[in-house]
2 protein chains.
Amino acid sequence: MPVSEILPLPDLTARCSPAVREPIALEPIAPAPVAPEQIDPEQVESLAGLLKALAHPARLRLLSMVAAHDGGEACVCDLIEPLGLSQPTVSHHLKILAGAGYLTRSQRGTWAYYRLVPGSLDAVAALLSEL
Amino acid sequence: MPVSEILPLPDLTARCSPAVREPIALEPIAPAPVAPEQIDPEQVESLAGLLKALAHPARLRLLSMVAAHDGGEACVCDLIEPLGLSQPTVSHHLKILAGAGYLTRSQRGTWAYYRLVPGSLDAVAALLSEL
DNA sequence: CAGATACATCGATGAATGTCAATGGATGTG
DNA sequence: CACATCCATTGACATTCATCGATGTATCTG
């Protein structure tokens, strides 16, 4: 039987394990947290999703264009030409932005008007800063 | 020769073109800006790249773990196990974060220590808010 | 020098994403 | 009703991305 099974002392060869690199505790210590992060896994997934919805040039431009448009709203056909993408692609990006909560969609007649959700960008910015 | 070529008046059928939906100007008006956005295209690409680097759960967790680690820095081997990904994958994500300017890398001996760049998250958060 | 450890890079593979043409549904017009 | 416009959805395709095993390099130890 190897000695290590009786006296599981950290060996002195330098390895990565934090327990090895830390000075040896003489008294019993509280069990170190297994995960050295304090971020809620669900919150991380959520924030990553919010950022992924923003992480595209066309979508950032869409947000800016909608916000700067007359009355704070714009319909799809207003955005196609300045964006330089096809109508299905523009609708696709708008759907992603609306799904993430950055835009609201209201249909009036044949047109679909998109409007920036107030404070939505500041909210995700705040989440980033407190990370 | 169609009349429209002599008198190019906007027709009355409702179409998307803003010029059609706007009230008809009686006086000559300054040419409307073609692009109803005022965002610098380069800045949009840049911000999208910064956000793309953040838009992944593993990378957000890495930022959090590095920031919360002892001394504000952590080496790769400290992050592999709590993250639950392989060492090449962890190195891959760290490289992306460092390339975007969120982390710095300093090699000391065999270890590579990563450290959060102070203010980098607040900077991108500020860019988001002023979008 | 031989072996072990930490880390990056390479290559391959499966998944996700962006884009457009084509289609379809809904609304308004003549 | 027939037709045009706006918009979303579908399907197909190419590109990008995430992941891991294998390999290579550098450093440290004995």
Side-chain angles (χ1 to χ4, degrees), chain A residues 10-21 44-45 48-49 51-62 66 69 73-81 83-100 103-115, chain B residues 10-21 44-45 48-49 51-62 66 69 73-81 83-100 103-115:
Chain A
D11 64 0
L12 297 180
T13 64
R15 272 183 289 125
C16 178
S17 164
V20 174
R21 292 184 300 169
V44 165
E45 291 287 337
L51 293 171
K52 194 174 298 186
L54 293 177
H56 193 284
R59 292 198 283 272
L60 290 177
R61 291 184 61 193
L62 281 173
V66 167
H69 209 265
E73 64 181 6
C75 58
V76 181
C77 56
D78 290 327
L79 306 168
I80 296 174
E81 182 179 318
L83 199 58
L85 293 174
S86 71
Q87 176 264 313
T89 302
V90 174
S91 284
H92 169 68
H93 287 307
L94 289 171
K95 182 176 186 175
I96 290 178
L97 289 171
L103 294 178
T104 56
R105 176 185 187 275
S106 68
Q107 184 131 10
R108 292 201 297 277
T110 309
W111 289 273
Y113 290 90
Y114 287 88
R115 180 180 290 271
Chain B
D11 65 358
L12 298 179
T13 63
R15 272 182 289 124
C16 179
S17 164
V20 175
R21 292 184 300 167
V44 165
E45 292 287 338
L51 292 171
K52 192 174 300 185
L54 292 178
H56 193 286
R59 291 198 282 271
L60 290 177
R61 292 183 61 196
L62 281 173
V66 168
H69 208 265
E73 64 180 6
C75 58
V76 182
C77 56
D78 291 327
L79 306 167
I80 295 173
E81 183 179 317
L83 199 58
L85 293 174
S86 72
Q87 176 263 315
T89 302
V90 174
S91 283
H92 169 68
H93 287 307
L94 288 171
K95 183 175 185 174
I96 290 177
L97 289 171
L103 294 178
T104 56
R105 176 185 188 275
S106 69
Q107 184 131 10
R108 292 203 296 277
T110 310
W111 290 273
Y113 290 91
Y114 286 89
R115 179 180 291 272

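No hydrogens, no waters, no symmetry mates; every other heavy atom, side chains included, goes into these values. Chain letters run A, B, ... following the sequence lines, proteins first and then strands; every chain starts at 1. As the structure is a prediction and not an experimental result, all values here were calculated from the model.
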Exercise for the section: Measure from the side chain of A/Thr110, starting at C-beta and using heavy atoms only, and say which of C/dC7, C/dG28, D/dC7 lies closest. Expected result: C/dG28
Problem - Along DNA chain C (nearest heavy atom to each residue), the more 5'-positioned of A/Ala58 and A/Pro88 - result: A/Ala58
Problem - Closest listed nucleotide, where the reference is the side chain of A/His92 and the choices are C/dA21, C/dG18, C/dC7 - result: C/dG18
Problem - Phosphate contact (C/dA8 OP1 or OP2) by B/Tyr114 side-chain N/O below 4.0 Å - result: yes
Problem - Closest to the A/Lys95 side chain, choosing from C/dA8, D/dT9, D/dC20 - result: D/dT9
Handout entry: Sugar-phosphate only, base, or nothing, as touched by B/Arg108 at under 4.0 Å among non-hydrogen atoms
Key = nothing
Practice task
Looking only at non-hydrogen atoms, find the nearest pair between B/Ala48 and A/Leu60 and report the distance.
Solution key: N-CD1, 3.6 Å
Practice task
Choose from D/dC20, C/dC7, D/dA8 the nucleotide whose nearest atom is closest to any side-chain atom of B/Ser86.
Solution key: D/dC20
Problem - Side chain proximity check, B/Ile96 to B/His56, heavy atoms < 4.5 angstrom - result: no
Handout entry: B/His93 side chain near D/dT19 phosphate (N/O to OP1/OP2, under 4.0 Å)
Key = yes
Handout entry: Rounded distance (Å) that lies between atom P of D/dT5 and atom CD of A/Glu81
Key = 16 Å
Handout entry: Contact check, side chains of A/His92 and A/Leu85, non-hydrogen atoms, under 4.5 Å
Key = no
Handout entry: Side chain proximity check, A/Leu79 to A/Leu94, heavy atoms < 4.5 angstrom
Key = yes
Handout entry: 4.5 Å side-chain heavy-atom contact, B/Val66 and B/Leu97
Key = no
Problem - Side chain of B/Trp111 - closest among C/dA8, D/dC7, C/dC7 - result: C/dC7
Exercise for the section: Could you tell me whether the side chain of B/Gln87 has a donor or acceptor atom within less than 3.5 Å of a complementary atom in the base of C/dA6? Expected result: no
Exercise for the section: Rounded to the nearest angstrom, tell me the gap between atom CG in B/Leu51 and atom P in C/dT17. Expected result: 16 Å
Completion exercise
By nearest-nucleotide position on DNA chain C, the 5'-leaning member of A/Ile96 and B/Gln107 is B/Gln107
Practice task
In whole angstrom, give the distance that lies between atom OH of B/Tyr113 and atom C1' of C/dA6.
Solution key: 10 Å
Exercise for the section: Hey, which sits more toward the 5' end of DNA chain D by its nearest nucleotide, A/Val90 or B/His56? Expected result: A/Val90
Exercise for the section: Would you please confirm or rule out a distance under 4.0 Å between OP1 or OP2 of C/dC7 and any side-chain N or O of B/Arg105? Expected result: no
